[in-house]
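Report on the following structure.
Atoms within each ligand, like the ligands themselves, are counted from 1 in listed order.
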Amino acid sequence: MAVYTDVNEGELGAFLKAYPVGDLLSYKGIAEGTENSNFLLHTTSGSYILTLYEKRVDKADLPFFLGLMSHLARKGISCPLPVTGHDGAVIGTLAGRPAVIITFLEGLSLRRPTSGHCGEVGKALAALHLAGADFPMTRPNALAIDGWRKLWSAARFRADEVEPGLAAEVDADFADFERNWPKGLPEGIIHADLFPDNVFFLGEKLSGLIDFYFACNDLYAYDVATCLNAWCFEKDFSFNLTKGTALLAGYQSVRPLSGEEQAALPMLARGAALRFMLTRLYDWLTVANGGLVMKRDPTEYIRRMRFHRAIKSPSEYGLT
Ligand SMILES: Nc1ncnc2c1ncn2[C@@H]1O[C@H](COP(=O)(O)OP(=O)(O)OP(=O)(O)O)[C@@H](O)[C@H]1O
Ligand SMILES: N[C@@H](CCO)C(=O)O
C-alpha cells in the first residue's frame with residue numbers, strides 16, 4: 001500500500017488553489033509504490049499525481065529530484081513535470097507533509113517485458129544520461145559502496161538466516177570491490193532505479209519514466225548495469241541474452257559505451273546486484289510485516305550476484 005497519509009477533500013481543495021491546475025473533480029489513493037503517498041487527481045484542467053513525501057525521502061534532496069524532473073522534461077525526456085505554484089514554489093505542505101503535484105503520464109508498467117521493450121529502455125536510459133549532462137545540481141549516490149557498507153553492517157549478523165553462507169559470500173565481495181571497483185569512467189546524472197515498475201509503455205512504445213527519488217551522480221555504466229539486472233533476468237534467474245543484447249544495443253544506439261565501460265560491466269553488474277540485495281535484505285530483516293515498506297525478496301538478487309561473479313567476458317551480456 002502506498003497511502004500512508006490520508007488527505008480530506010476540503011484540505012486538498014484548499015491546497016490546489018495555490019497551483020494552476022483548475023478545480024478538483026475527484027481524487028483517489030494509488031496502491032502501487034512503497035516509499036511515498038501518491039494520489040491520482042482529476043481536475044477541470046486534466047489529471048495529475050499528488051505526492052506526499054514520507055520519512056524515507058530526505059527533504060533536503062527534494063529540490064534536486066524535482067529540479068531534475070523539470071530539467072529532463074524540458075529537454076524532451078518523457079517524465080513527470082512538477083507543477084509550479086502561483087507563488088513560484090513547487091513544494092507545498094499538505095497534511096503536515098511536503099507535497100508536490102506532478103503531471104500525469106499515460107501508459108502501463110510491464111510485468112513481462114519483451115526484448116523489444118528492453119531495447120526501448122536502453123535508448124531511454126541513454127537519452128536520460130545525455131539530457132542530464134547539463135543539469136547544474138549534483139547529489140552524491142547515497143547507495144554507493146559506503147552506503148552499502150552501512151546496510152551490510154546492520155544486516156550482516158542475520159544474513160545467514162536468509163541464506164546460509166551469505167555473510168562470508170558478501171564479505172568477500174566487499175573485499176573485491178575495495179580493490180577492483182572501476183574508477184575514472186564517464187559519470188553524470190543517473191536514474192539509479194530504472195526497474196520495470198518505473199517505466200510506462202503504450203503498446204511497444206515507451207511512454208514515460210517515473211520515480212526519480214534515487215537519482216544521483218554516478219557512473220553511467222552503473223545505471224546500465226542496474227537495468228541489465230532489473231530487465232534481463234527471467235523468473236528462474238537465468239539471464240536472457242536476447243534481452244541483454246537488445247537493451248545494450250538500444251543504449252549504444254544513443255550513447256556508445258567506451259571500451260573501459262564495456263570491460264567494467266561485470267563488476268558494475270555485481271555491484272548493482274549487491275546494492276538491491278542489500279536494501280532488500282535490510283528491509284527483510286528490520287521492517288515488521290504489515291509495516292510501511294513492501295518487502296521484496298533479497299534472494300532474487302543473491303542469484304544475480306552469483307551469475308555476474310561467474311561472467312568471464314562482457315560479451316556474455318550481449319555486447320555486439
Ligand atoms: N507521473 C505519473 N503519471 C502516472 N502515474 C504515476 C506517476 N507517478 C506515479 N504514478 C503512479 O504511482 C505509483 C507510485 O509511484 P512511485 O513509483 O513514484 O512511488 P514510490 O512510492 O516512490 O514507489 P517506489 O519507490 O517503491 O517505486 C506508480 O506505480 C504509478 O502507478
Ligand atoms: N527497485 C527496488 C525497490 C524500490 O526502489 C527493488 O526492486 O528492490
Side-chain angles (χ1 to χ4, degrees), residues 1-5 21 27-43 46-58 61-62 65-66 68-70 72-73 77-83 90 97-111 113 121 141-143 147-148 151 155 190-202 206-216 223 225-233 272-284 287 291-305:
M1 80 114 177
V3 178
Y4 308 120
T5 304
V21 294
Y27 73 104
K28 63 173 185 195
I30 297 177
E32 288 93 357
T34 50
E35 301 287 342
N36 301 306
S37 298
N38 290 296
F39 297 84
L40 173 60
L41 311 181
H42 294 296
T43 75
S47 301
Y48 300 88
I49 299 286
L50 166 73
T51 301
L52 306 190
Y53 296 96
E54 303 291 341
K55 295 193 180 60
R56 301 234 294 195
V57 173
D58 183 345
D61 284 334
L62 286 180
F65 299 137
L66 298 163
L68 177 61
M69 284 190 251
S70 301
L72 295 174
I77 301 294
S78 182
C79 68
L81 178 66
V83 179
V90 170
R97 300 258 174 238
V100 162
I101 301 168
I102 60 176
T103 53
F104 180 84
L105 299 179
E106 299 289 347
L108 291 175
S109 55
L110 303 171
R111 278 179 194 279
V121 169
N141 188 355
L143 287 173
W148 305 346
L151 290 168
I190 66 166
H191 183 285
D193 190 27
L194 200 59
F195 276 55
D197 55 350
N198 290 330
V199 180
F200 292 166
F201 285 87
L202 285 169
L206 191 152
S207 60
L209 310 177
I210 63 163
D211 200 354
F212 286 78
Y213 301 113
F214 286 105
C216 58
D223 225 9
T226 294
C227 285
L228 287 172
N229 275 296
W231 289 85
C232 303
F233 283 84
L274 178 65
R275 173 259 184 262
F276 289 98
M277 196 285 285
L278 287 171
T279 45
R280 287 173 172 213
L281 179 70
Y282 180 86
D283 288 348
W284 196 262
V287 179
L292 290 190
V293 180
M294 187 181 80
K295 294 189 188 190
R296 298 175 208 246
D297 184 358
T299 64
E300 293 176 5
Y301 277 79
I302 301 172
R303 301 289 165 274
R304 285 165 172 74
M305 286 159 49

Any idea which part of [X] is under 4.0 Å from ligand 1, heavy-atom wise: side chain, backbone, both or neither?
X	value
L105	both
R296	side chain
N36	both
F195	neither

Which ligand 1 atoms are under 4.0 Å away from a heavy-atom of [X]?
X	value
I102	1 (N)
N38	14 (C), 15 (O), 19 (O), 21 (O)
P80	1 (N)
N198	17 (O), 27 (O)

Atom 3 (C) of ligand 2: which protein heavy atom is closest, and how many Å away?
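Result for atom 3 (C) of ligand 2: R296 NE, 3.5 Å.
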Which residue holds the protein heavy atom closest to atom 7 (O) of ligand 2, what is that atom called, and what is the gap in Å?
R280 NH2, 2.7 Å
Using the six-membered ring wherever Trp is involved, compare the ring planes of F39 and Y27 and label them parallel, tilted or perpendicular (cut-offs 30° and 60°).
tilted
Is [Y] close to [X] at the side-chain level, that is, under 4.5 Å between some pair of heavy atoms?
X	Y	result
R296	D283	no
F214	H191	no
I49	I101	no
R275	T226	no
V100	Y53	yes

Heavy atom to [atom], shortest distance: which of [options] holds it?
atom	options	result
atom 2 (C) of ligand 2	D193, L278, L143	D193
atom 28 (C) of ligand 1	D211, T51, I210, I49	I210
atom 11 (C) of ligand 1	V57, D193, D197, I30	I30

Should you measure from each heavy atom of F195, which atoms of ligand 2 turn up under 4.0 Å away?
1 (N), 6 (C), 7 (O)
Geometric N/O contact T103 with ligand 1, under 3.5 angstrom
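T103 vs ligand 1: N/O contact under 3.5 Å present.
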Establish, yes or no, whether the cationic atom of R304 lies under 6.0 Å from the six-membered ring centre of F276 and within 45° of the ring axis.
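No, cation not above the ring by the 6.0 Å, 45° rule.
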S109 OG to D211 CG distance, which is reported to the nearest 0.5 Å
11.0 Å
Within the structure, is a non-hydrogen atom of F214 found at a distance of less than 4.0 Å from ligand 1?
no
Checking T43 side chain against V21 main chain: does a donor-acceptor pair fall under 3.5 Å?
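Yes; judged by distance alone, with no hydrogens or angles, the pair exists.
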Ring pair (Phe, Tyr, Trp, His ring centres under 6.0 Å) assessment of F65 paired with Y213
CA-CA 6 Å; F65 299 137; Y213 301 113; 5.4 Å; yes
Run the contact test for F214 against ligand 2 with a 4.0 Å cut-off on heavy atoms, strictly below, and give the result.
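A heavy atom of F214 does come that close to ligand 2.
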Do R303 and T299 have a side chain donor and acceptor closer than 3.5 Å?
no
